[in-house]
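Structure first, then comments.
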Amino acid sequence: MSRVLALGNITLEGTSVSTLETCVAVRELNLCFDIGKGPRYAAGMDNVLLTHAHQDHAVGIALHIATRKLLDLAPPNIYLPAQICEDMRNLISAWERLERRKTRYNLIPVRPGERYDMRKGLFFKAFPTEHTIPSMGFQVFEERKKLRPEYIGLDGPAIVELKSKGIEITDTVEIPMVTFVGDSTITPLDRFPEMLKSQVVILECTFLAPEDLPMARKKHHTHIAEIVERAELLKDCEYLVLSHFSTRYTREDVHREAAAALPESLKKKTKILY
Ligand SMILES: [Zn+2]
Ligand SMILES: [Zn+2]
């Protein structure tokens, strides 16, 4: 079951429950973070940004490729940590042999810090996260042209004249749209605070109950208390999406624990994604 969250000019559709399935599509950006079991709502996304290869995040990759072929859509671009690229290719090849058919896809190995262009004006950078297997998080940017301050207020003919003289009247600005951390301890938030300046920040929050803090540390996941401690770091995002809750909690537990733990500054911008 998926859920739709409308967050300003960003729409998330997806699901994220620990050990069951994680796949979050962002329609406006033509991408999904992780592919879960290859759900139908993600089929239209040209780009898959894969954080790591735990099955609940990655098992649907071959199905996603096959579904897109069936729907006559372009081969998907699958971005993933460079060190798991070969194993993933072998896995997809095994499915091709099992099903006696060839599929088309682009596997793109990703290294932290580098820039990857998905289309004109849309790119992402990855950052390392800390989990039990190779993993990374993603920050997606839009690039827009903005009139330089000294030219604001000029009329059309004046702008045309400047352009005809070859004068550059715009600056290119990078707008951080969405950050998806994926499964991780809390430490990337401290190491890469700039990734928390996106309009939408999606964090894993596997554990909520106060007594489960040691479990979060042991399993390389995040506890809500660790997010609360970093409320100041999260002041710039417009929306904070908490996800990937453990199956040990009911939905009522999640809402109750989140309401009890979050300070007012976070509560008003927090959305819950199952
Ligand atoms: Zn997970
Ligand atoms: Zn995981």
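The model shown is predicted, which means the values in this text are computed figures rather than measured ones. Note that ligands are numbered from 1 as they come in the structure, with each ligand's atoms numbered from 1 the same way.
- Side chain to side chain, His220 and Thr185 fail the donor-acceptor criterion of an N or O pair below 3.5 Å.
- Residue His220 does not count as close to the Zn ion (ligand 2), with no N, O or S atom under 2.8 Å.
- Counting only distance, with no hydrogens or angles, the side chain of Arg191 and the backbone of Pro128 share no donor-acceptor pair below 3.5 Å.
- Within 6.0 Å of atom NZ in Lys146, 12 or fewer heavy atoms from other residues, nucleotides or ligands are found, so the atom counts as exposed in its surroundings.
- Although no hydrogens or angles enter the test, the distance criterion places a donor-acceptor pair under 3.5 Å between the side chain of Tyr249 and the main chain of Leu208.
- For the Zn ion (ligand 1), protein N/O/S neighbours under 2.8 Å (waters excluded) are His57 NE2, Asp183 OD2, His244 NE2.
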Phe138 vs Phe180, ring-ring contact (aromatic ring centres under 6.0 Å, His included): CA-CA, chis, key distance, verdict
CA-CA 5 Å; Phe138 304 101; Phe180 188 86; 7.7 Å; no
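- Taking the charged nitrogens against the carboxylate oxygens, Lys268 and Glu264 have no contact shorter than 4.0 Å, which rules out a salt bridge.
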